Amino acid sequence: MKALRTPTGVIESEPMSGWQWFAILLTACLNGLDGIDVLSISYVAPVISSDWSIQPSALGWVLSMELIGMAAGSVLLGGTADRYGRRPTIIACLGCMSAGMLAASRTHSILALLFVRLFTGLGIGGMLAAINAAAAEYSNGRRRNIAMALMVIGYPLGGAVGGLLIRGMLTLGASWRDVFAACGLITAIFIPVCAAFLPETPAFLDASRNLNGLARANRSLRRLGHLPASELSDRPKAESAPVAMLFSPALRRATFSVTVAYFAHISSFYFLVKWTPKAIVNLGFAPTVAAGVLALANVGGAIGGATFGILASRWPIRIVCAGMLVATSTAIGTFGWSTDTLQGLQWQVFFAGLFANSAIAGLYLFVAQCFPTDLRATGTGFVIGIGRGGAALGPVIAGYLFAGGLPLHSVAALMGCGSALAALAIWHAGKAENPILANH
């Protein structure tokens, strides 16, 4: 019973309260902002390309710039979430995201747009590291797979809702500047919401071992619907450099494997989400139709995230994740083989989104389980940061391939190989010294 007396033990072992599920739902909404903000550039890329006469190679950099910022933000600000807390990091990153989106609506050159998208990406990257750790720490051990899947579902749902919103705005004659402004205002709304309703995680307060850590942890426990704890965990706080600890003997194989897997898969995934609207327009369809097709991919992604949560409760996470990665590689690799009908393209994108987001749910859960509480946001930030480097490279490489004259089906076949590589890496992660991964 001693474990139940610590804040971590209370959360880990007691049944989930309604307030815990609300906190996880809020992390899903925040992940949805990632879907809206990141994909906003994809939805309006055809319009910007036409207005500014941007070549495919340059457009690849425009599509990828916030992903570069996300890579830097995840690595740099993931450690901030482990040092100062999940909640303050999330609120600060939301401010950065909102400011970047609003500034994008006022740009008048490619260089200015690249800069503000980079700034926006910094906020998104830091927020992702923090909410991934927070969602894992708000849930108990029994429901963690479902909780993480729900958090991941937020991204495609945000993309789907954002796609429908942007499609409606463009249909009504709104400009791409109006789209960025609307996304920035939506993001800003969540700053006071998180300040009011998102408590710090008891696990972080437990691991921080501050002098008033128990009192703060008990306030958080009460807000989450639990009775207070009587003592902090007796595990000493890590004193070594956090990033260096990711490569300790117990963690280095897992760190390497999941980082490679995330990098490779995200490069394939972001080729799909960044280039689908432009590819659809190049096939002769209107930009509003292209936005609708990408929204359908996100609907498939939401179904995929829920599907992973169900499958992961029945079979080992490693097997389900590897299978979804192989399916993603096949779906993306065959994109563009049949372009005769819009309906055929819609089904291709739908299933690619379903498999890809299911695999992302698996990777996020793997990452959350790789690292202890006092390294969770740092480890998540490192993996996501390096992985978003792959996200940045994917659209850029595709842009140069298109500029070189390769047709859609050839580019898709090459870009789909990333998910196949990720399947091999995630299978290798199961051999890690980390006992959690070895059992999953």
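Just so we're clear, the structure is a prediction, and the values are computed from it rather than from any experiment.
Distance alone, capped at 3.5 Å, places no donor-acceptor pair between the D206 side chain and the P202 backbone. No side-chain donor-acceptor contact under 3.5 Å links R318 to the backbone of I426. Counting only distance, with no hydrogens or angles, the side chain of T120 and the backbone of V116 share a donor-acceptor pair below 3.5 Å. Distance alone, capped at 3.5 Å, is enough to place a donor-acceptor pair between the S268 side chain and the G418 backbone. Of the possible polar contacts, one joining the N218 side chain to the A229 backbone as a donor-acceptor pair under 3.5 Å is found.
For the pair I90/F190, no side-chain contact is recorded, criterion being any heavy-atom separation below 4.5 Å from C-beta on. Counting heavy atoms from C-beta on, the side chains of I110 and W61 never come closer than 4.5 Å. Two residues are said to be in side-chain contact when any heavy atoms from C-beta on lie closer than 4.5 Å; V411 and F335 fail this criterion. Using a 4.5 Å heavy-atom threshold, the side chains of T380 and L128 count as separate. L227 is not listed as a side-chain neighbour of E14, based on a closest heavy-atom distance of 4.5 Å or more. Contact of the V349 side chain with the I280 side chain is not registered, since no non-hydrogen atoms from C-beta on lie closer than 4.5 Å. Looking at S267 and L393, their side chains never come closer than 4.5 Å, going by heavy atoms from C-beta outward. Side-chain contact between H226 and S17 is present, with heavy atoms from C-beta onward closer than 4.5 Å.
Aromatic ring orientation, W275 versus F402: tilted (interplanar angle from 30° to 60°). Ring planes of Y262 and Y364: tilted class, angle from 30 to 60°.
Evaluation of the salt bridge (charged side-chain N to carboxylate O under 4.0 Å, His left out) rule for E12 yields R144 as partners, not counting sequence neighbours.
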Distance-only donor-acceptor pairs under 3.5 Å for side chains of residues 320-328, two or more places apart:
from, atom 1, to, atom 2, distance (Å)
T328, OG1, M324, O, 2.7
T328, OG1, F355, O, 3.2
T328, OG1, A356, N, 3.2

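Here the closest heavy-atom approach between residue I36 and residue G158 is recorded as CG1-O, 3.1 Å. Closest approach of M70 and Y270 over heavy atoms only: CE-OH, 4.5 Å.
Sorted by first and then second residue, the pairs that involve residues 187-205 and meet side chain to side chain donor-acceptor pair (under 3.5 Å), not counting sequence neighbours, are D37-T187, E137-T201.
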